[in-house]
2 protein chains.
Amino acid sequence: MPQAPSQVRSATADEIRQAALQQFAQSGYDASSMRDIAASVGIKAASLYNHFDSKEKILWDLTRSAMSDLAANRDAALAQLDPAAGPRARLAAFVSAHVGFHAERRHQAVLVNSQLGSLSPSHHRKAIALRDAYENSLRAIIDAGVTTGEFVISDAQVTTLAILQMGTGVSVWFRPDGRLRSDQVGAEYVKLAALITRGIA
Amino acid sequence: MPQAPSQVRSATADEIRQAALQQFAQSGYDASSMRDIAASVGIKAASLYNHFDSKEKILWDLTRSAMSDLAANRDAALAQLDPAAGPRARLAAFVSAHVGFHAERRHQAVLVNSQLGSLSPSHHRKAIALRDAYENSLRAIIDAGVTTGEFVISDAQVTTLAILQMGTGVSVWFRPDGRLRSDQVGAEYVKLAALITRGIA
DNA sequence: GTCTATATATCGATAGAC
DNA sequence: GTCTATCGATATATAGAC
């Protein structure tokens, strides 16, 4: 069965996605023009509308993909664990995946963390729902660790947000040619998350 | 000696500052128009130019004030300590001030954390320098604690950024009518920072 | 699917009357 | 210091030729 027309991915459409992601993440959605995006693909602005209905549709396409990739990255990390793995192993896997994504896929991370406000109201609601689900998946790990007594924390919601946001911040300063590789940065944040949850052997 | 003309603060200019801060923080600099800012002050866009040379000058005025307030807030907290206070007390004071600012002055915090890219190159450089100085003031506390042996950490730079960014994230979710008051949130983050630096008695 | 040309809207900023 | 009127640039998006 062939793909539905709306899901066909032409080479040009992918070039547009790449160019738009780069510009939206670097300069912001409002400061990026269709002309500039088209120029970096090597076509004219009007031709963009053969691939996307509007500028906002490009942003939504990129946002949905980024949030989907973020969740898939988390799922892949958790799936590698022993099914009987406890909260501490699950927390480490989550943080490692979270930080790795925010280091290695900075543009997607920055888009999700700073450009949701430019989405249409309808798309914005859907993005917020996806973000809440992602946050809740960490919250569930935290709560499980509290229940088993492996985690000793003061406030589950603050702890959840603190772990998430310190990892999100990696997308602001990480550079591929920096002092630490992304896996090293991930390992550092795994340690921090363990300390926050009193995982100090 | 009277104030220099450039520092005169008229009531109207302050209303403009307040309206622009609200809009820049809420919708972003590029999505905010001079017409909208003027309308929320009750005047026309052209009249704004009697108080500020350009839209970017408003942003710079607000940015400089916000970063100055942030540093002053930190200095006030540290100044209340006993001069002989050690790194752990200094860290707690810094985090408490940092989180308190990001909770209680959300608009200023969001501006500094998301709109620096809209500044002119010259102003952008100055803002980055101020941000670096702020980060370095926390880094110095961390380093001092490592030197005395009170802090046991894995990577000083990662630790510094993690503490800063988890506190910065408070400006994203804090609500004055939420479950926790800003001082309670600050106390939670002081605990988290202590744990990260192995301050678990 | 690309292009040129253009419609329509809004932007920051200025000129000049009051 | 406010206003009306407007300039010039740029924005998204569309129409229609090729």
Side-chain angles (χ1 to χ4, degrees), chain A residues 2-3 5-24 26-63 115 117-124, chain B residues 2-24 26-63 111 115 117-124:
Chain A
Q3 285 183 308
S6 66
Q7 294 182 345
V8 166
R9 297 183 70 89
S10 73
T12 302
D14 275 338
E15 287 186 70
I16 294 169
R17 287 185 181 90
Q18 188 172 13
L21 175 60
Q22 147 96 24
Q23 300 209 18
F24 290 169
Q26 196 157 84
S27 310
Y29 176 81
D30 289 304
S32 303
S33 72
M34 294 294 265
R35 282 173 176 78
D36 290 341
I37 294 168
S40 66
V41 176
I43 59 179
K44 298 296 181 181
S47 300
L48 294 175
Y49 293 88
N50 288 320
H51 304 276
F52 294 92
D53 290 339
S54 68
K55 185 185 177 187
E56 193 271 347
K57 285 285 186 64
I58 302 178
L59 177 63
W60 172 234
D61 180 285
L62 294 171
T63 301
Q115 303 300 320
S118 295
L119 290 168
S120 71
S122 165
H123 291 153
H124 183 74
Chain B
Q3 285 183 308
S6 66
Q7 294 182 344
V8 167
R9 298 183 69 90
S10 73
T12 302
D14 275 339
E15 287 186 70
I16 294 169
R17 287 183 181 91
Q18 187 172 13
L21 175 61
Q22 146 97 22
Q23 300 208 19
F24 290 169
Q26 196 156 85
S27 310
Y29 176 81
D30 289 305
S32 303
S33 73
M34 295 293 267
R35 284 169 175 81
D36 289 341
I37 294 168
S40 67
V41 177
I43 59 179
K44 297 296 180 181
S47 300
L48 294 175
Y49 294 88
N50 286 320
H51 303 276
F52 294 92
D53 291 338
S54 67
K55 185 185 176 187
E56 193 271 347
K57 285 285 185 63
I58 301 178
L59 177 62
W60 172 235
D61 180 285
L62 294 172
T63 301
L111 191 83
Q115 303 300 320
S118 296
L119 290 168
S120 72
S122 166
H123 290 153
H124 183 74

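To find a chain, count down the sequence lines: A is the first, B the second, and so on, and within it residues start at 1. Any value given below was found using the heavy atoms of this structure, including those in side chains, with hydrogens, waters and symmetry copies removed.
Of the candidate nucleotides C:dG12, D:dT4, C:dC3, C:dC3 has the atom nearest to the side chain of A:K44. Nearest nucleotide to the side chain of B:I43, out of D:dT12, C:dC3, D:dC3: D:dC3. Here the nucleotide nearest the side chain of B:A46, chosen from C:dA13, C:dT4, C:dA15, is C:dA15.
Atom CG in A:L48 sits about 13 Å away from atom P in D:dA11, given to the nearest Å. Distance A:I58 CD1 to D:dA13 C1': 12 Å, rounded to the nearest Å. Between the CE atom of A:M34 and the P atom of D:dT14 there is a distance of 10 Å, rounded to whole Å. Atom CZ in B:R35 sits about 6 Å away from atom P in C:dC11, given to the nearest Å. In this structure, the CG atom of A:D53 is 15 Å from the P atom of D:dT12, given to the nearest Å. If you take NE2 of A:H51 and C1' of D:dT12, they are 17 Å apart, rounded to a whole angstrom. Residue B:Y49 contributes atom OH, which lies 14 Å from atom C1' of D:dT6 at whole-angstrom precision. At whole-Å resolution of the value, CG in A:D14 and P in C:dG1 are 13 Å apart.
Using a 4.0 Å heavy-atom criterion, one finds that A:S33 contacts the sugar-phosphate atoms exclusively.
In this structure, B:S118 contributes its side chain and B:Y29 its backbone to no donor-acceptor pair below 3.5 Å. Using a distance-only test at 3.5 Å, with no hydrogens or angles considered, a donor-acceptor pair links the side chain of A:E56 to the main chain of A:S120.
Taking B:D36 as the reference, B:S33 meet the side chain to side chain donor-acceptor pair (under 3.5 Å) condition, with sequence neighbours excluded. For A:K57, the salt bridge (Lys or Arg N to Asp or Glu O under 4.0 Å) test picks out A:D53, with sequence neighbours left out.
Within the structure, a side-chain polar atom (N or O) of A:K55 is placed less than 4.0 Å from OP1 or OP2 of D:dT12. Phosphate proximity of D:dC3 to B:S47: present, with a side-chain N or O under 4.0 Å from OP1 or OP2.
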| field | side chain to side chain contact (heavy atoms under 4.5 Å, CB included) between A:I58 and A:M34, worked out | value | CA-CA 10 Å; A:I58 302 178; A:M34 294 294 265; 4.1 Å; yes
